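It should be emphasised that the depicted structure is a prediction, and the values quoted were computed from it without experimental measurement. Residue numbers start at 1 and run along the sequence shown. Just the heavy atoms: all of them, side chains too, but no hydrogens, waters or symmetry mates, feed the values below.
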Amino acid sequence: MKQLIGNLKGDKGIWSFVALLALFSFMPVFSASSNLAYLGHGTGNTLGYLVKHSGHIFFGFLIIFWVHKIPYHYFRSISKWLLPVVWVVLAITMIKGTVIGGANASRWLQIPFVGISFQPSAFAALVLFVFVARYLSKTREKPIDFVESLKELWLPVFITLIFILPSNFSTTALIFSMILMLAFIGKYPMKYIAVIVGSGIVFLTFFVLISKAFPDAKFFSRVRTWESRIENFSTDKPDEDDYQIEKAKIAIASGKIYGLGPGKSVQKNFLPQSSSDFIYAIIVEEYGLIGGLGVLSLYLLLLFRFVVASHKATTLFGKLVVIGLGFPMIFQAMINMAVAVELLPVTGQTLPLISSGGTSIWMTCIALGIIIGVTKKEEEIAQELKDTAKREEALQKLIDRELEEEYVLEEAYSIEDKAKNPMQAVLNK
(Lines give C-alpha, C1' and ligand atoms only; values in the text may rest on other atoms or scores of the structure.)
Protein backbone atom coordinates (compact mmCIF):
# COMPACT_ATOMS: atom_id res chain seq x y z
CA MET A 1 0.00 0.00 0.00
CA LYS A 2 2.84 2.39 0.85
CA GLN A 3 4.47 1.63 -2.49
CA LEU A 4 1.19 2.31 -4.30
CA ILE A 5 0.69 5.62 -2.50
CA GLY A 6 4.32 6.49 -3.23
CA ASN A 7 3.62 6.12 -6.96
CA LEU A 8 0.83 8.70 -6.77
CA LYS A 9 2.39 11.98 -7.79
CA GLY A 10 0.87 15.42 -7.65
CA ASP A 11 -1.34 17.18 -5.12
CA LYS A 12 -2.09 14.71 -2.31
CA GLY A 13 -5.03 16.86 -1.17
CA ILE A 14 -6.82 16.40 -4.50
CA TRP A 15 -6.13 12.65 -4.38
CA SER A 16 -7.54 12.49 -0.83
CA PHE A 17 -10.77 14.41 -1.44
CA VAL A 18 -11.46 12.53 -4.66
CA ALA A 19 -10.95 9.21 -2.86
CA LEU A 20 -13.28 10.27 -0.02
CA LEU A 21 -16.05 11.29 -2.43
CA ALA A 22 -15.68 8.04 -4.37
CA LEU A 23 -15.72 5.86 -1.24
CA PHE A 24 -18.74 7.69 0.14
CA SER A 25 -20.65 7.14 -3.12
CA PHE A 26 -21.02 3.37 -2.65
CA MET A 27 -23.68 3.43 0.06
CA PRO A 28 -25.96 6.10 -1.52
CA VAL A 29 -25.79 4.41 -4.94
CA PHE A 30 -26.44 0.99 -3.40
CA SER A 31 -29.44 2.36 -1.55
CA ALA A 32 -30.85 4.73 -4.19
CA SER A 33 -30.76 2.19 -7.04
CA SER A 34 -33.76 0.29 -5.70
CA ASN A 35 -36.13 2.22 -7.97
CA LEU A 36 -34.10 1.24 -11.04
CA ALA A 37 -33.94 -2.34 -9.78
CA TYR A 38 -37.74 -2.57 -9.52
CA LEU A 39 -38.19 -1.01 -12.96
CA GLY A 40 -35.46 -3.16 -14.49
CA HIS A 41 -36.20 -6.66 -13.25
CA GLY A 42 -38.86 -6.25 -10.58
CA THR A 43 -36.85 -7.69 -7.69
CA GLY A 44 -35.45 -4.59 -6.03
CA ASN A 45 -32.03 -6.22 -5.70
CA THR A 46 -29.48 -3.42 -6.05
CA LEU A 47 -26.33 -5.52 -5.70
CA GLY A 48 -25.81 -5.52 -9.45
CA TYR A 49 -25.92 -1.73 -9.54
CA LEU A 50 -23.39 -1.56 -6.70
CA VAL A 51 -21.03 -3.91 -8.57
CA LYS A 52 -21.46 -1.86 -11.73
CA HIS A 53 -20.76 1.39 -9.88
CA SER A 54 -17.73 -0.19 -8.21
CA GLY A 55 -16.39 -1.11 -11.65
CA HIS A 56 -16.93 2.45 -12.87
CA ILE A 57 -15.11 3.90 -9.85
CA PHE A 58 -12.24 1.40 -10.09
CA PHE A 59 -11.72 2.04 -13.80
CA GLY A 60 -12.06 5.77 -13.14
CA PHE A 61 -9.14 5.71 -10.70
CA LEU A 62 -7.09 3.76 -13.24
CA ILE A 63 -7.87 6.55 -15.71
CA ILE A 64 -6.67 9.17 -13.22
CA PHE A 65 -3.47 7.19 -12.65
CA TRP A 66 -2.76 6.74 -16.38
CA VAL A 67 -3.62 10.32 -17.36
CA HIS A 68 -1.64 11.96 -14.55
CA LYS A 69 1.48 10.19 -15.84
CA ILE A 70 1.18 12.01 -19.20
CA PRO A 71 2.90 15.44 -19.32
CA TYR A 72 0.01 17.85 -19.30
CA HIS A 73 1.40 20.03 -22.09
CA TYR A 74 0.74 17.15 -24.50
CA PHE A 75 -2.98 17.89 -24.21
CA ARG A 76 -2.33 21.33 -25.67
CA SER A 77 -1.94 19.87 -29.17
CA ILE A 78 -4.26 16.91 -28.63
CA SER A 79 -7.26 19.21 -28.00
CA LYS A 80 -6.84 20.88 -31.39
CA TRP A 81 -6.92 17.58 -33.26
CA LEU A 82 -9.67 16.03 -31.15
CA LEU A 83 -12.16 18.85 -31.71
CA PRO A 84 -13.20 17.76 -35.26
CA VAL A 85 -13.60 14.20 -33.93
CA VAL A 86 -15.88 15.57 -31.21
CA TRP A 87 -18.04 17.31 -33.83
CA VAL A 88 -18.46 14.09 -35.79
CA VAL A 89 -19.42 12.12 -32.65
CA LEU A 90 -21.89 14.82 -31.56
CA ALA A 91 -23.47 14.87 -35.03
CA ILE A 92 -23.91 11.08 -34.93
CA THR A 93 -25.48 11.42 -31.47
CA MET A 94 -27.97 13.97 -32.77
CA ILE A 95 -29.03 11.54 -35.51
CA LYS A 96 -28.78 8.17 -33.78
CA GLY A 97 -28.68 9.03 -30.09
CA THR A 98 -30.33 6.73 -27.57
CA VAL A 99 -32.33 7.27 -24.39
CA ILE A 100 -31.21 5.45 -21.21
CA GLY A 101 -31.84 5.55 -17.48
CA GLY A 102 -35.38 6.89 -17.77
CA ALA A 103 -34.23 10.21 -19.23
CA ASN A 104 -36.30 11.81 -21.98
CA ALA A 105 -33.44 13.11 -24.10
CA SER A 106 -31.28 11.37 -26.71
CA ARG A 107 -27.88 12.25 -25.25
CA TRP A 108 -26.11 8.88 -25.35
CA LEU A 109 -24.32 6.98 -28.08
CA GLN A 110 -24.03 3.22 -28.17
CA ILE A 111 -20.55 1.89 -28.96
CA PRO A 112 -20.88 -0.94 -31.53
CA PHE A 113 -19.85 -4.49 -30.51
CA VAL A 114 -19.08 -3.35 -26.94
CA GLY A 115 -22.53 -2.59 -25.58
CA ILE A 116 -21.39 0.48 -23.67
CA SER A 117 -23.26 3.80 -23.90
CA PHE A 118 -21.53 7.10 -23.29
CA GLN A 119 -22.52 10.75 -23.29
CA PRO A 120 -20.48 12.62 -25.92
CA SER A 121 -21.31 16.05 -24.49
CA ALA A 122 -19.21 15.30 -21.40
CA PHE A 123 -16.21 14.42 -23.57
CA ALA A 124 -16.84 17.46 -25.78
CA ALA A 125 -16.78 19.76 -22.73
CA LEU A 126 -13.46 18.28 -21.63
CA VAL A 127 -11.82 18.81 -25.03
CA LEU A 128 -13.32 22.29 -25.41
CA PHE A 129 -12.03 23.57 -22.05
CA VAL A 130 -8.48 22.45 -22.89
CA PHE A 131 -8.81 23.98 -26.38
CA VAL A 132 -9.86 27.35 -24.93
CA ALA A 133 -7.01 27.22 -22.40
CA ARG A 134 -4.62 26.51 -25.27
CA TYR A 135 -5.77 29.56 -27.22
CA LEU A 136 -5.72 31.93 -24.23
CA SER A 137 -2.22 30.82 -23.20
CA LYS A 138 -0.65 31.45 -26.61
CA THR A 139 2.27 33.90 -26.57
CA ARG A 140 1.43 36.98 -28.64
CA GLU A 141 3.54 39.90 -29.73
CA LYS A 142 0.44 42.12 -30.09
CA PRO A 143 -2.97 42.35 -28.35
CA ILE A 144 -5.78 39.94 -29.23
CA ASP A 145 -7.53 40.81 -32.48
CA PHE A 146 -11.30 40.27 -32.17
CA VAL A 147 -11.86 39.16 -35.77
CA GLU A 148 -8.99 36.70 -35.53
CA SER A 149 -10.27 35.36 -32.21
CA LEU A 150 -13.72 34.83 -33.75
CA LYS A 151 -12.19 32.44 -36.25
CA GLU A 152 -9.66 30.72 -34.00
CA LEU A 153 -11.58 30.58 -30.71
CA TRP A 154 -15.28 31.36 -30.81
CA LEU A 155 -16.21 29.64 -34.06
CA PRO A 156 -15.07 26.20 -32.76
CA VAL A 157 -16.76 26.95 -29.43
CA PHE A 158 -20.11 27.81 -31.01
CA ILE A 159 -19.98 24.86 -33.41
CA THR A 160 -19.53 22.51 -30.46
CA LEU A 161 -22.30 24.16 -28.44
CA ILE A 162 -24.72 24.04 -31.38
CA PHE A 163 -24.34 20.26 -31.48
CA ILE A 164 -25.02 19.96 -27.71
CA LEU A 165 -27.81 22.54 -27.35
CA PRO A 166 -30.79 20.68 -28.92
CA SER A 167 -30.62 17.78 -26.46
CA ASN A 168 -29.04 19.35 -23.38
CA PHE A 169 -29.56 23.02 -22.64
CA SER A 170 -28.22 22.87 -19.06
CA THR A 171 -24.89 21.36 -20.16
CA THR A 172 -24.63 23.95 -22.96
CA ALA A 173 -25.25 26.79 -20.52
CA LEU A 174 -22.73 25.38 -18.03
CA ILE A 175 -20.03 24.96 -20.70
CA PHE A 176 -20.63 28.44 -22.13
CA SER A 177 -20.53 30.14 -18.73
CA MET A 178 -17.34 28.31 -17.76
CA ILE A 179 -15.69 29.31 -21.06
CA LEU A 180 -16.63 32.95 -20.41
CA MET A 181 -15.10 32.67 -16.92
CA LEU A 182 -11.97 31.12 -18.43
CA ALA A 183 -11.76 33.91 -21.01
CA PHE A 184 -12.04 36.52 -18.24
CA ILE A 185 -9.30 34.89 -16.17
CA GLY A 186 -7.17 34.50 -19.32
CA LYS A 187 -7.39 38.30 -19.77
CA TYR A 188 -9.52 38.20 -22.90
CA PRO A 189 -10.79 41.81 -23.35
CA MET A 190 -14.03 42.49 -21.48
CA LYS A 191 -15.57 44.42 -24.36
CA TYR A 192 -15.15 41.36 -26.58
CA ILE A 193 -16.63 39.09 -23.88
CA ALA A 194 -19.69 41.39 -23.76
CA VAL A 195 -20.10 41.04 -27.53
CA ILE A 196 -19.87 37.24 -27.26
CA VAL A 197 -22.47 37.14 -24.47
CA GLY A 198 -24.81 39.28 -26.54
CA SER A 199 -24.28 37.07 -29.58
CA GLY A 200 -25.05 33.98 -27.50
CA ILE A 201 -28.31 35.48 -26.25
CA VAL A 202 -29.32 36.48 -29.78
CA PHE A 203 -28.54 33.00 -31.11
CA LEU A 204 -30.50 31.28 -28.33
CA THR A 205 -33.50 33.57 -28.97
CA PHE A 206 -33.31 32.81 -32.69
CA PHE A 207 -33.12 29.09 -31.93
CA VAL A 208 -36.26 29.25 -29.77
CA LEU A 209 -38.14 31.27 -32.42
CA ILE A 210 -37.24 28.74 -35.11
CA SER A 211 -38.50 25.95 -32.83
CA LYS A 212 -41.84 27.79 -32.62
CA ALA A 213 -42.06 27.82 -36.40
CA PHE A 214 -41.34 24.06 -36.59
CA PRO A 215 -42.83 22.63 -33.38
CA ASP A 216 -43.02 19.04 -34.68
CA ALA A 217 -39.35 18.83 -35.73
CA LYS A 218 -37.32 16.35 -33.67
CA PHE A 219 -34.38 18.76 -33.64
CA PHE A 220 -36.41 21.23 -31.52
CA SER A 221 -38.28 18.70 -29.37
CA ARG A 222 -36.50 19.66 -26.13
CA VAL A 223 -37.38 23.35 -26.36
CA ARG A 224 -40.86 22.69 -24.96
CA THR A 225 -39.26 20.87 -22.01
CA TRP A 226 -37.03 23.89 -21.26
CA GLU A 227 -39.98 26.25 -21.40
CA SER A 228 -42.13 24.09 -19.15
CA ARG A 229 -39.37 23.70 -16.58
CA ILE A 230 -38.74 27.43 -16.39
CA GLU A 231 -42.48 28.15 -16.28
CA ASN A 232 -43.14 25.54 -13.57
CA PHE A 233 -40.18 26.76 -11.55
CA SER A 234 -41.59 30.29 -11.49
CA THR A 235 -45.21 29.17 -10.87
CA ASP A 236 -47.02 26.49 -8.86
CA LYS A 237 -48.23 24.56 -11.90
CA PRO A 238 -47.70 20.83 -11.19
CA ASP A 239 -45.93 18.55 -13.67
CA GLU A 240 -43.45 15.65 -13.72
CA ASP A 241 -40.47 17.83 -12.73
CA ASP A 242 -42.51 19.37 -9.91
CA TYR A 243 -43.28 15.84 -8.74
CA GLN A 244 -39.55 15.08 -8.56
CA ILE A 245 -38.81 18.29 -6.69
CA GLU A 246 -41.59 17.63 -4.19
CA LYS A 247 -40.27 14.12 -3.50
CA ALA A 248 -36.74 15.51 -3.15
CA LYS A 249 -37.90 18.12 -0.64
CA ILE A 250 -39.80 15.48 1.32
CA ALA A 251 -36.61 13.38 1.43
CA ILE A 252 -34.55 16.34 2.66
CA ALA A 253 -37.15 17.27 5.28
CA SER A 254 -37.35 13.66 6.49
CA GLY A 255 -33.59 13.50 7.04
CA LYS A 256 -33.56 16.27 9.69
CA ILE A 257 -30.20 16.51 11.53
CA TYR A 258 -28.92 12.94 11.69
CA GLY A 259 -30.92 11.22 8.93
CA LEU A 260 -32.94 8.03 8.84
CA GLY A 261 -29.84 5.86 8.54
CA PRO A 262 -27.98 4.22 5.64
CA GLY A 263 -30.35 2.37 3.31
CA LYS A 264 -33.49 3.54 5.14
CA SER A 265 -34.61 6.17 2.66
CA VAL A 266 -38.27 6.06 1.64
CA GLN A 267 -38.34 8.57 -1.22
CA LYS A 268 -35.79 6.60 -3.23
CA ASN A 269 -38.72 4.39 -4.23
CA PHE A 270 -40.55 7.35 -5.78
CA LEU A 271 -37.82 9.52 -7.30
CA PRO A 272 -37.26 8.50 -10.96
CA GLN A 273 -33.59 9.58 -10.96
CA SER A 274 -32.78 8.84 -7.32
CA SER A 275 -29.33 7.38 -8.04
CA SER A 276 -28.17 10.15 -10.39
CA ASP A 277 -29.86 13.56 -10.67
CA PHE A 278 -31.45 13.52 -7.20
CA ILE A 279 -28.97 11.44 -5.25
CA TYR A 280 -28.17 14.42 -3.00
CA ALA A 281 -31.76 14.36 -1.67
CA ILE A 282 -31.33 10.67 -0.79
CA ILE A 283 -28.00 11.45 0.92
CA VAL A 284 -29.65 14.08 3.12
CA GLU A 285 -32.61 11.77 3.88
CA GLU A 286 -30.32 8.94 5.00
CA TYR A 287 -27.43 10.88 6.56
CA GLY A 288 -29.22 14.06 7.59
CA LEU A 289 -28.06 17.64 7.50
CA ILE A 290 -24.66 16.50 8.78
CA GLY A 291 -24.16 14.21 5.79
CA GLY A 292 -25.37 16.84 3.34
CA LEU A 293 -23.02 19.48 4.74
CA GLY A 294 -20.21 16.93 4.80
CA VAL A 295 -20.56 16.27 1.07
CA LEU A 296 -20.76 20.01 0.39
CA SER A 297 -17.60 20.55 2.47
CA LEU A 298 -15.69 17.94 0.48
CA TYR A 299 -16.50 19.73 -2.78
CA LEU A 300 -15.51 23.09 -1.30
CA LEU A 301 -12.21 21.64 -0.06
CA LEU A 302 -11.62 20.20 -3.51
CA LEU A 303 -12.31 23.65 -4.97
CA PHE A 304 -9.77 25.12 -2.55
CA ARG A 305 -7.13 22.62 -3.72
CA PHE A 306 -7.90 23.55 -7.33
CA VAL A 307 -7.30 27.22 -6.50
CA VAL A 308 -4.00 26.34 -4.79
CA ALA A 309 -2.94 24.16 -7.73
CA SER A 310 -3.77 26.94 -10.18
CA HIS A 311 -1.83 29.48 -8.12
CA LYS A 312 1.24 27.20 -7.96
CA ALA A 313 1.28 26.43 -11.70
CA THR A 314 4.24 28.15 -13.35
CA THR A 315 2.72 28.32 -16.86
CA LEU A 316 -0.40 30.17 -17.97
CA PHE A 317 -1.62 27.04 -19.77
CA GLY A 318 -1.32 25.04 -16.55
CA LYS A 319 -3.26 27.66 -14.58
CA LEU A 320 -6.06 27.82 -17.15
CA VAL A 321 -6.28 24.03 -17.48
CA VAL A 322 -6.76 23.61 -13.72
CA ILE A 323 -9.44 26.32 -13.68
CA GLY A 324 -11.10 25.17 -16.89
CA LEU A 325 -11.36 21.53 -15.82
CA GLY A 326 -11.71 21.88 -12.05
CA PHE A 327 -14.21 24.69 -11.61
CA PRO A 328 -16.95 23.19 -13.88
CA MET A 329 -16.78 20.03 -11.77
CA ILE A 330 -17.56 21.98 -8.60
CA PHE A 331 -20.22 24.16 -10.24
CA GLN A 332 -21.93 21.03 -11.55
CA ALA A 333 -22.05 19.68 -8.01
CA MET A 334 -23.51 22.97 -6.74
CA ILE A 335 -26.16 22.92 -9.49
CA ASN A 336 -27.13 19.36 -8.58
CA MET A 337 -27.54 20.32 -4.90
CA ALA A 338 -29.42 23.53 -5.78
CA VAL A 339 -31.90 21.58 -7.91
CA ALA A 340 -32.60 19.18 -5.02
CA VAL A 341 -33.62 22.09 -2.77
CA GLU A 342 -35.46 23.91 -5.60
CA LEU A 343 -33.07 26.83 -5.87
CA LEU A 344 -32.83 26.04 -9.60
CA PRO A 345 -35.13 24.33 -12.11
CA VAL A 346 -34.51 20.68 -12.93
CA THR A 347 -31.39 20.45 -15.10
CA GLY A 348 -30.32 16.80 -15.27
CA GLN A 349 -26.81 17.46 -13.94
CA THR A 350 -25.29 14.62 -11.92
CA LEU A 351 -23.27 14.84 -8.70
CA PRO A 352 -19.63 14.30 -9.79
CA LEU A 353 -17.96 11.13 -8.42
CA ILE A 354 -21.08 10.21 -6.41
CA SER A 355 -23.96 9.76 -8.87
CA SER A 356 -24.11 6.47 -10.76
CA GLY A 357 -23.13 6.45 -14.43
CA GLY A 358 -20.03 5.47 -16.32
CA THR A 359 -19.48 8.39 -18.71
CA SER A 360 -19.83 11.16 -16.14
CA ILE A 361 -17.45 9.39 -13.74
CA TRP A 362 -14.84 8.63 -16.40
CA MET A 363 -14.88 12.12 -17.93
CA THR A 364 -14.52 13.57 -14.44
CA CYS A 365 -11.58 11.24 -13.82
CA ILE A 366 -9.87 12.29 -17.08
CA ALA A 367 -10.21 15.92 -15.99
CA LEU A 368 -8.82 15.08 -12.55
CA GLY A 369 -5.92 13.19 -14.12
CA ILE A 370 -4.95 16.23 -16.20
CA ILE A 371 -5.25 18.54 -13.17
CA ILE A 372 -3.11 16.24 -11.04
CA GLY A 373 -0.66 16.07 -13.94
CA VAL A 374 -0.28 19.85 -13.71
CA THR A 375 0.38 19.64 -9.97
CA LYS A 376 2.78 16.75 -10.56
CA LYS A 377 4.80 18.86 -12.97
CA GLU A 378 5.03 21.73 -10.52
CA GLU A 379 5.89 19.24 -7.78
CA GLU A 380 8.68 17.84 -9.94
CA ILE A 381 9.99 21.35 -10.63
CA ALA A 382 9.92 22.18 -6.91
CA GLN A 383 11.66 18.91 -6.07
CA GLU A 384 14.28 19.55 -8.76
CA LEU A 385 14.95 23.03 -7.36
CA LYS A 386 15.19 21.55 -3.88
CA ASP A 387 17.63 18.87 -5.06
CA THR A 388 19.67 21.49 -6.92
CA ALA A 389 19.87 23.62 -3.77
CA LYS A 390 20.99 20.57 -1.78
CA ARG A 391 23.66 19.73 -4.38
CA GLU A 392 24.93 23.29 -4.36
CA GLU A 393 25.00 23.30 -0.56
CA ALA A 394 26.90 19.98 -0.49
CA LEU A 395 29.33 21.23 -3.13
CA GLN A 396 29.93 24.43 -1.20
CA LYS A 397 30.63 22.43 1.97
CA LEU A 398 33.08 20.26 0.03
CA ILE A 399 34.86 23.32 -1.36
CA ASP A 400 35.02 24.92 2.09
CA ARG A 401 36.45 21.70 3.56
CA GLU A 402 39.08 21.46 0.80
CA LEU A 403 40.08 25.08 1.31
CA GLU A 404 40.32 24.53 5.06
CA GLU A 405 42.49 21.43 4.61
CA GLU A 406 44.70 23.27 2.13
CA TYR A 407 45.12 26.11 4.59
CA VAL A 408 46.06 23.67 7.37
CA LEU A 409 48.61 21.97 5.12
CA GLU A 410 50.15 25.27 4.20
CA GLU A 411 50.50 26.10 7.89
CA ALA A 412 51.98 22.67 8.63
CA TYR A 413 54.54 22.85 5.81
CA SER A 414 55.49 26.45 6.29
CA ILE A 415 59.28 27.15 6.07
CA GLU A 416 58.94 30.57 7.58
CA ASP A 417 61.93 31.22 9.88
CA LYS A 418 60.52 31.67 13.36
CA ALA A 419 63.36 29.94 15.26
CA LYS A 420 66.76 31.22 16.27
CA ASN A 421 68.42 28.48 14.27
CA PRO A 422 68.05 29.31 10.53
CA MET A 423 68.07 25.57 9.67
CA GLN A 424 65.33 24.65 12.18
CA ALA A 425 62.48 25.00 9.69
CA VAL A 426 64.27 22.74 7.23
CA LEU A 427 65.07 20.21 9.94
CA ASN A 428 61.43 20.24 11.04
CA LYS A 429 60.40 19.64 7.47
Heavy-atom donor-acceptor pair, [X] side chain to [Y] backbone, under 3.5 Å:
{"X": "Asp277", "Y": "Asn336", "answer": "no"}
{"X": "Lys312", "Y": "Thr375", "answer": "no"}
{"X": "Tyr280", "Y": "Gly292", "answer": "yes"}
{"X": "Lys319", "Y": "His311", "answer": "yes"}
{"X": "Ser31", "Y": "Met27", "answer": "no"}
{"X": "Ser170", "Y": "Thr347", "answer": "yes"}
{"X": "Ser310", "Y": "Phe306", "answer": "no"}
{"X": "Ser274", "Y": "Ala32", "answer": "yes"}
{"X": "Gln332", "Y": "Pro352", "answer": "no"}
{"X": "Ser77", "Y": "Tyr74", "answer": "no"}

Evaluate Phe123 against Leu82 for side-chain contact (heavy atoms from CB on, under 4.5 Å), listing each step before the verdict. CA-CA 10 Å; Phe123 179 63; Leu82 275 181; 4.0 Å; yes

Can you find a heavy atom in the side chain of [X] that is under 4.5 Å from one in the side chain of [Y]?
{"X": "Ile64", "Y": "Trp15", "value": "yes"}
{"X": "Leu50", "Y": "Val29", "value": "no"}
{"X": "Pro262", "Y": "Phe30", "value": "no"}
{"X": "Ile196", "Y": "Phe176", "value": "yes"}
{"X": "Met178", "Y": "Leu174", "value": "yes"}
{"X": "Pro328", "Y": "Phe129", "value": "yes"}
{"X": "Thr315", "Y": "His73", "value": "no"}
{"X": "Tyr299", "Y": "Leu351", "value": "yes"}

Which pair of non-hydrogen atoms, one from [X] and one from [Y], has the smallest distance, and what is that distance?
{"X": "Gly369", "Y": "Val67", "result": "C-CG1, 3.6 Å"}
{"X": "Val339", "Y": "Pro345", "result": "CG2-O, 3.3 Å"}
{"X": "Leu153", "Y": "Tyr188", "result": "CD2-CE1, 4.4 Å"}
{"X": "Ala340", "Y": "Lys249", "result": "O-CG, 4.2 Å"}
{"X": "Pro156", "Y": "Leu83", "result": "CB-CD2, 3.6 Å"}
{"X": "Phe131", "Y": "Lys80", "result": "CD1-CA, 4.2 Å"}

Supply the atom-to-atom distance [X] [atom1] to [Y] [atom2], rounded to the nearest 0.5 angstrom.
{"X": "Leu90", "Y": "Asn168", "atom1": "CG", "atom2": "CG", "result": "11.0 Å"}
{"X": "Leu271", "Y": "Ser276", "atom1": "CG", "atom2": "OG", "result": "10.0 Å"}
{"X": "Leu301", "Y": "Leu21", "atom1": "CG", "atom2": "CG", "result": "9.5 Å"}
{"X": "Leu303", "Y": "Leu298", "atom1": "CG", "atom2": "CG", "result": "12.5 Å"}
{"X": "Ser355", "Y": "Ile283", "atom1": "OG", "atom2": "CD1", "result": "7.5 Å"}
{"X": "Leu161", "Y": "Phe203", "atom1": "CG", "atom2": "CZ", "result": "9.0 Å"}

Set out, in order, the CA-CA distance, both residues' side-chain angles and the distance that settles ring pair (Phe, Tyr, Trp, His ring centres under 6.0 Å) for Tyr287 and Phe24, then state yes or no. CA-CA 11 Å; Tyr287 299 93; Phe24 177 77; 5.4 Å; yes

Test [X] against every option in [options] by the side-chain contact (heavy atoms from CB on, under 4.5 Å) rule and name the one that passes.
{"X": "Ser199", "options": "Val202, Val197, Val195", "result": "Val195"}
{"X": "Val341", "options": "Ile245, Ile252, Val284", "result": "Ile252"}
{"X": "Ile175", "options": "Thr160, Ile164, Val157, Leu180", "result": "Ile164"}

A cation-pi test, strictly: NZ or CZ of Arg76 under 6.0 Å from the centre of the six-membered ring of Phe317 and no more than 45 degrees from its axis. Yes or no?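 Output yes; distance and angle both within limits.
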
Taking everything shown except Phe58 itself, do over 12 heavy atoms lie less than 6.0 Å from its CZ?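 Not buried by this count: 12 neighbours or fewer within 6.0 Å.
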
Greater than 12 external heavy atoms within 6.0 Å of Phe146's CZ: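 Count over threshold, so yes.
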
Worked check of side-chain contact (heavy atoms from CB on, under 4.5 Å) between Ser149 and Tyr135: CA-CA 9 Å; Ser149 68; Tyr135 175 83; 3.1 Å; yes

Would His68 and Phe65 satisfy ring pair (Phe, Tyr, Trp, His ring centres under 6.0 Å), going step by step from the backbone distance to the final call? CA-CA 5 Å; His68 101 287; Phe65 183 78; 5.5 Å; yes

Please evaluate residues Ser254 and Gln267 with respect to the criterion side-chain hydrogen bond (donor to acceptor under 3.5 Å, both in side chains), reporting the C-alpha separation (whole Å), side-chain torsions for both, the decisive distance (0.1 Å), and the verdict. CA-CA 9 Å; Ser254 302; Gln267 300 307 316; 5.2 Å; no

Output field: ring centroids Tyr192/Trp154 closer than 6.0 Å: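 No, the ring centres sit 6.0 Å or more apart.
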
The test is side-chain contact (heavy atoms from CB on, under 4.5 Å); show your working for Leu150 and Leu155 and say whether it passes. CA-CA 6 Å; Leu150 283 177; Leu155 181 60; over 6 Å; no

Once side chain to side chain donor-acceptor pair (under 3.5 Å) is applied, do any residues pair with Asn269, and if so which ones, sequence neighbours excluded?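 Applying side chain to side chain donor-acceptor pair (under 3.5 Å) to Asn269 gives Ser34.
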
Could you go through Phe163 and Thr93, starting from their C-alpha distance and side-chain angles, then the distance that decides it, and tell me whether this counts as side-chain contact (heavy atoms from CB on, under 4.5 Å)? CA-CA 9 Å; Phe163 281 120; Thr93 306; over 6 Å; no

Checking side-chain hydrogen bond (donor to acceptor under 3.5 Å, both in side chains) for the pair Ser121/Thr171: CA distance, chi angles, key distance, verdict? CA-CA 8 Å; Ser121 60; Thr171 298; 4.8 Å; no

